[in-house]
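Just below is one structure, and these are the notes that go with it.
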2 protein chains.
Amino acid sequence: MARLADPDLAVRRRQQILDAAEACFRRRGFHQATMQEICAEARISPGALYRYFDSKADIIAAISEEKRRDAEEEFRKLMVERTFIDSLIAVARKFLAKHSDSEAGSLLCDIASEAARDSILAQRLFGIQEGSVASLAEAVAVAQARGEIDPALAPMEVARMLMTFFDGISVRAAFKIEPHETILHQFRVVAERYLAPTTRAPT
Amino acid sequence: MARLADPDLAVRRRQQILDAAEACFRRRGFHQATMQEICAEARISPGALYRYFDSKADIIAAISEEKRRDAEEEFRKLMVERTFIDSLIAVARKFLAKHSDSEAGSLLCDIASEAARDSILAQRLFGIQEGSVASLAEAVAVAQARGEIDPALAPMEVARMLMTFFDGISVRAAFKIEPHETILHQFRVVAERYLAPTTRAPT
DNA sequence: ACCTGAACACCGTTCAAGT
DNA sequence: ACCTGAACACCGTTCAAGT
C-alpha cells in the first residue's frame, strides 16, 4: 500500500471499498465474490483499489474487524436492563438471526478459517474480541452483585465460555437446519444451570 | 461424473484422490491448495480426476463427510469407562489437539462455511453429525442411570448442546492463542455445573 | 497524487486425442 | 473404458501510461 497525501480521501476510499466488498460478500460469500465485482460495486478500478488494500485477504481482515467491533457494541447495548440470562438469550437471538439471515451465515466461519491460517489476523481479531469478553465479564460481575450469578464463578472465565458458546451457535446456525427457538431454549437451560447461585445440598 | 464400468477401480481412484487432497488441504488449507497440486500428489491427470469428482467443492464435501465420520468413531471409543465428565474432557482434548495441530485447524471452519452456502452439503453433514449426537446421547443416558447426570435433563438436548460447545471450542482453537488446558479447565466447570444432579435448595 | 485498464501469471475445468 | 495434457475462461494482482 502506497503512502498517501490526503488522509481524508484515503479514509473515504477505504470505507467505500469496504462497503462494496461487504455487499458482495453478503451476496456471494467470501471466496465466490471477485475483485472485479467489488471494483464495479465501489465504482473504482482494480489499480485504484490496490492503493488502499494490499490484497483480497486484507479486505477480509478489515471487514472481520468491523464485524467484531459491531458485535462488541451489540453486547454493550443488550447487557443492561432485564436479568442477565434474559439479556444473554436476547443477544443469542440476534446472533442467530444475523448468522442465518441471507448468505451472510458463513461470515464468521470464513473469518475463523482465515484467522487459522494467518496468525497476525488471529491476533488482531482476538484483541478485538477481548473487548467483548471484557464487557461481558463486567455484566457478569454486576449480575453476581445482584445475586443472579454464583459469586464463586470467575467473571472473565464465564465471559469466555459464553463467547465460546456463541461461536458454536454460529457454526450451528450456518447449517440452517434447526429452528432458532429450539437452540435458544436449550441454551437457556445450559446458562441457567451453569450460572445459578447453587445452594447445593452437601454431598 | 461419468458412468463407470469397474466399480472397484472407481472406489480405489476416489480414495487415492481423497488421500492426496487431504494431504494438500492439511498443508495449505482448503482454498489455497490447487487442483494441480492434488493431481500431482495423487499421480493422476486433471482430466482423470474429473471423472471421479464433479468439482473441487465435491472433493471438499467428501472429505468433510470422512472427517465427521471419524469424529463419530472417536466419540464412541472415548465414551466408555471413566466418569462421563472425564470422558468428555478427554474428547475435548483430542478435539483441540486435532484442530490446532499443523495447518488443519481451519478444516472445520472451512467445512462449516462451505455448508452455509450449500444446503445439500449442509443436510449431508448434519445427518452424519446426528450420528455423533445420538451416540453421545446414549452415553448421557447411561451416566444418568449411574447418577452422574441430572435425570431431569433430556439426553438428546444435552448431547446437542455439548456438540455446540465442541464447535465453539474448534473455532477458538483455530485462533491458536489460548493454551488448551485453560480452555479445558473452563469447559470442565461448565460441564460439571450444567450436568450435576442438583439437589438445589428450594427457592 | 491519484487513477485507469490492459496485461500477467495462475486458477478450476473441459475436451479432443490417445491407448 | 479410462486416461492425458493442452486449451479455455476467469481469477487476483501489477504496472505503464494518463490526468
Side-chain angles (χ1 to χ4, degrees), chain A residues 1-25 27-64 110-111 113-114 117-118 121, chain B residues 1-25 27-64 110-111 113-114 117-118 121:
Chain A
M1 201 162 21
R3 291 280 122 215
L4 304 164
D6 178 2
D8 199 50
L9 173 64
V11 169
R12 265 184 295 125
R13 279 271 185 278
R14 278 182 67 93
Q15 197 54 51
Q16 172 185 352
I17 293 164
L18 287 179
D19 289 344
E22 197 186 328
C24 293
F25 290 155
R27 263 198 300 273
R28 305 230 297 140
F30 246 85
H31 293 281
Q32 313 283 344
T34 70
M35 293 301 262
Q36 292 292 345
E37 283 166 19
I38 296 170
C39 288
E41 180 88 23
R43 279 171 229 284
I44 208 173
S45 70
L49 186 151
Y50 278 89
R51 274 188 78 80
Y52 301 100
F53 291 95
D54 285 335
S55 65
K56 195 180 184 186
D58 194 29
I59 295 179
I60 288 170
I63 289 186
S64 306
D110 282 318
I111 288 169
S113 84
E114 209 63 32
R117 232 170 276 115
D118 179 346
L121 174 60
Chain B
M1 200 161 21
R3 292 278 124 215
L4 304 164
D6 178 2
D8 199 50
L9 173 64
V11 170
R12 264 184 295 125
R13 280 271 184 278
R14 276 182 68 92
Q15 197 54 52
Q16 171 186 352
I17 293 164
L18 287 179
D19 290 344
E22 197 186 329
C24 292
F25 290 155
R27 262 200 300 273
R28 305 231 296 141
F30 246 82
H31 292 280
Q32 312 285 341
T34 71
M35 293 302 260
Q36 292 292 345
E37 283 166 18
I38 296 170
C39 289
E41 180 90 21
R43 278 170 231 283
I44 208 174
S45 69
L49 186 151
Y50 278 89
R51 276 188 78 79
Y52 300 100
F53 290 94
D54 285 333
S55 64
K56 195 182 185 185
D58 194 28
I59 296 178
I60 287 171
I63 289 186
S64 306
D110 283 318
I111 289 170
S113 87
E114 209 64 30
R117 232 169 276 116
D118 178 347
L121 174 60

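Keep in mind that the numbers below use all heavy atoms, side chains included, and drop hydrogens, waters and symmetry copies. Below, chains carry the letters A, B, ... as their sequence lines are ordered, and counting in each starts from 1. Since we're looking at a predicted model, the values are computed, not measured.
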Would you say the side-chain atoms of Gln16(A) and Arg13(A) include a donor-acceptor pair closer than 3.5 Å? yes
Test side-chain contact (heavy atoms from CB on, under 4.5 Å) on Asp58(B) and Tyr50(B) and set out the steps. CA-CA 10 Å; Asp58(B) 194 28; Tyr50(B) 278 89; over 6 Å; no
I need the CG-C1' distance between Leu9(B) and dC2(D), as an integer number of Å. 8 Å
Specify the separation, in whole Å, of atom CZ of Arg51(B) and atom C1' of dT14(C). 13 Å
Mind checking whether Asp8(B) and Arg12(B) have side chains closer than 4.5 Å, heavy atoms only? yes
Provide, to the nearest angstrom, the distance between the CD1 atom belonging to Ile44(A) and the C1' atom belonging to dG5(C). 13 Å
Starting from C1' on dG5(C), measure out to CD1 on Ile38(A) and report it in whole angstrom. 18 Å
Rounded interatomic separation in angstrom, taking NE2 from His31(A) and C1' from dG12(C): 15 Å
Who does dA17(C) pair with, Watson-Crick or G-U, both distances under 3.5 Å? none
Quick note, Thr34(B) side chain, CB onward, closest among dT13(D), dG5(D), dG12(C) is dG12(C)
Of all the heavy-atom pairs spanning Ala23(B) and Glu41(B), show the shortest one and how long it is. CB-OE2, 4.0 Å
Return no unless some side-chain N or O of Arg13(A) is found under 4.0 Å from OP1 or OP2 of dC3(C). yes
Could you state the CZ-C1' distance from Arg12(A) to dC2(C), rounded to the nearest angstrom? 12 Å
Counting heavy atoms from C-beta on, name the nucleotide in dT13(D), dC3(D), dG5(C) closest to the side chain of Gln36(A). dT13(D)
Once you apply the 3.5 Å cut-off to both distances, tell me the Watson-Crick or G-U wobble partner of dA9(D), or none. none
Nucleotide forming a Watson-Crick or wobble pair with dC3(C), both distances under 3.5 Å: none
In whole Å, what is the span from the CE atom of Met35(B) to the C1' atom of dC10(D)? 16 Å
Whole-Å gap separating P (dC11(C)) and NZ (Lys56(B)): 9 Å
So, is Tyr50(B) close to the dC15(C) phosphate, meaning a side-chain N or O under 4.0 Å from OP1 or OP2? no
Would you mind telling me which residue lines up with the more 5' stretch of DNA chain D, Pro46(A) or Glu37(A), judged by nearest nucleotide? Glu37(A)
With a non-hydrogen cut-off below 4.0 angstrom, is Ala57(A) in contact with a base, only sugar-phosphate, or nothing? nothing
Run the side-chain contact (heavy atoms from CB on, under 4.5 Å) test on Ile60(B) and Phe53(B) for me, step by step, so that the C-alpha distance in whole Å, both residues' side-chain angles and the decisive distance to 0.1 Å come before the verdict. CA-CA 10 Å; Ile60(B) 287 171; Phe53(B) 290 94; over 6 Å; no
